[in-house]
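What follows is a short report on a single structure.
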Amino acid sequence: MSPKLVRCPWAEGDPLLADYHDREWGVPEFDPRSLYEKLVLDAFQAGLSWLLILRKRTALREAFAGFHPERVARYGRREIERLLGNPAIVRSRAKIESAIRSARLWIEIMEREPGGFTRFVWKHVGETPQIHRYQTPEEVPAQSELSGRMSKEFRKRGFSFCGPVILYAFAQGIGMVNDHLVGCHRHAACGIGRLPERRSGSFPNRRPIG
């Protein structure tokens with residue numbers, strides 16, 4: 001028998017959590033559209049469990065046009081009412097409107113700023129993941145100086161559901177910080193990477209997360 005993989009404790013107990021932990025959490029993500037998707041998912045998690053969001057992830061992706069910001073940005077009153085009537089997703093008007101507003105801000109940043117949304121996010125860690133070496137779950141913070149700085153800028157730009165706790169979870173998920181415990185089988189593999197140099201004015205295409 002092969003030895004049991006050692007995971008961060010939060011990922012034990014459910015196959016969805018284990019799969020997300022093993023394939024995505026802490027892996028550096030640079031694709032701007034995937035970053036938008038993860039930001040929206042973390043906003044929807046506010047006050048809820050991450051397992052619930054994973055269970056609703058497919059439905060959320062379908063409801064928000066595959067998380068393509070260009071399409072979500074065009075959502076209006078009719079689409080909002082349609083989403084509020086969809087029992088497969090989290091039916092929060094505030095969170096739905098936040099996702100639409102974030103899509104519009106994403107487009108604005110992509111069009112106006114060098115490096116687009118990717119550099120808007122990753123500049124906060126000098127475009128290189130921070131590698132932590134926590135031994136126990138109790139050492140892992142719920143927020144940090146990093147997420148506090150990010151929250152201030154995100155709020156200033158007009159984003160909502162972007163407090164320090166939500167943005168620290170976002171930073172963990174996209175690999176800005178590697179918070180896998182040192183005993184976890186994913187610690188060594190995650191956090192390896194750096195924001196790629198742009199070629200022909202764009203970033204490499206990446207598959208959507210999930």
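For reference, positions follow the sequence shown, starting with 1. Keep in mind that what you see is a predicted model, and the values were worked out from it rather than measured. Both backbone and side-chain heavy atoms feed into the values below; hydrogens, waters and symmetry mates do not.
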If only atom types and distance count, is the side chain of [X] paired as donor or acceptor with the main-chain N or O of [Y] below 3.5 Å?
| X | Y | result |
| --- | --- | --- |
| Thr118 | Gly115 | no |
| Lys95 | Ala46 | yes |
| Gln172 | Ile174 | no |
| Arg104 | Ala73 | yes |
| Ser147 | Leu167 | no |

Requested in this report: Apply side-chain contact (heavy atoms from CB on, under 4.5 Å) to Leu39 and Phe159, showing your working.
Outcome: CA-CA 10 Å; Leu39 184 66; Phe159 290 92; 4.0 Å; yes

When Tyr36, Phe30, Phe170 are each screened for side-chain contact (heavy atoms from CB on, under 4.5 Å) with Val121, the one that passes is Phe170

Do you reckon [X] sits in the same ILVMFWY cluster as [Y], going by side-chain contacts under 4.5 Å, direct or chained?
| X | Y | result |
| --- | --- | --- |
| Leu48 | Leu54 | yes |
| Ile107 | Phe154 | yes |
| Val40 | Tyr20 | yes |
| Val6 | Val182 | no |
| Ile166 | Leu105 | no |

What are the two closest non-hydrogen atoms of [X] and [Y], and how far apart are they?
| X | Y | result |
| --- | --- | --- |
| Ser151 | Cys162 | OG-O, 2.8 Å |
| Arg7 | Cys184 | CA-SG, 3.9 Å |
| Asn86 | Ala63 | ND2-CB, 4.2 Å |
| Pro141 | Tyr168 | O-CE2, 3.3 Å |
| Gly26 | Cys190 | O-CB, 3.4 Å |
| Leu83 | Ile89 | O-CD1, 3.5 Å |

- Under 30°, 30 to 60°, or over 60°: which ring-plane class applies to Phe64 and Tyr75, parallel, tilted or perpendicular? parallel

Is the closest side-chain heavy-atom distance between [X] and [Y] below 4.5 Å?
| X | Y | answer |
| --- | --- | --- |
| Glu70 | Trp106 | yes |
| Phe67 | Val72 | no |
| Pro114 | Phe120 | no |
| Leu146 | Met150 | yes |
| Trp50 | Leu41 | yes |
| Arg186 | Val27 | yes |
| Thr128 | Trp122 | no |
| Ile53 | Val90 | yes |

Below 4.0 angstrom, N of the basic side chain to O of the carboxylate: do [X] and [Y] qualify?
| X | Y | result |
| --- | --- | --- |
| Arg119 | Glu113 | no |
| Lys56 | Glu62 | no |
| Glu97 | Arg101 | no |

Rounding to 0.5 Å, atoms CZ (Arg155) and CZ (Phe161) come to a distance of 10.0 Å

Interatomic distance, CZ@Arg82 vs CD1@Ile96, rounded to 0.5 Å, equals 9.5 Å

inquiry  = Could you go through Leu84 and Glu81, starting from their C-alpha distance and side-chain angles, then the distance that decides it, and tell me whether this counts as side-chain contact (heavy atoms from CB on, under 4.5 Å)?
reply    = CA-CA 5 Å; Leu84 286 171; Glu81 294 304 318; 4.1 Å; yes

Checking Lys38 against Trp25: charged group under 6.0 Å from the ring centre and within 45 degrees of the axis? no

Let's go through Glu37 and Arg33 carefully: what are the C-alpha distance in whole Å and the side-chain angles of both, what is the deciding distance for salt bridge (Lys or Arg N to Asp or Glu O under 4.0 Å) to 0.1 Å, and is it a yes or a no? CA-CA 6 Å; Glu37 176 175 353; Arg33 194 206 60 75; 3.5 Å; yes

Please step through salt bridge (Lys or Arg N to Asp or Glu O under 4.0 Å) for the pair Arg149 and Glu145, ending with a clear verdict.
CA-CA 6 Å; Arg149 282 190 287 105; Glu145 185 273 336; 2.5 Å; yes

Intermediate values then yes/no, side-chain contact (heavy atoms from CB on, under 4.5 Å), His124 and Glu153:
CA-CA 10 Å; His124 293 279; Glu153 179 164 14; 3.0 Å; yes

- Could you go step by step and tell me if Leu17 and Trp10 meet the side-chain contact (heavy atoms from CB on, under 4.5 Å) rule? CA-CA 8 Å; Leu17 288 175; Trp10 64 263; 4.2 Å; yes

Does either side chain, that of His185 or that of His180, offer a donor lying less than 3.5 Å from an acceptor on the other one? no

- Task: Can you establish whether the number of heavy atoms outside Lys152 located under 6.0 Å from its atom NZ is more than 12?
- Result: no

Is the number of heavy atoms from other residues, nucleotides or ligands under 6.0 Å of Arg157 CZ greater than 12?
yes

Given the options His132, Arg133, Gln130, His187, Asp179 meets side chain to side chain donor-acceptor pair (under 3.5 Å) only with His132

Next item on the list: Please lay out, stage by stage, how Glu12 and Lys4 fare under the test salt bridge (Lys or Arg N to Asp or Glu O under 4.0 Å).
Entry: CA-CA 12 Å; Glu12 299 290 358; Lys4 183 179 182 294; 3.5 Å; yes

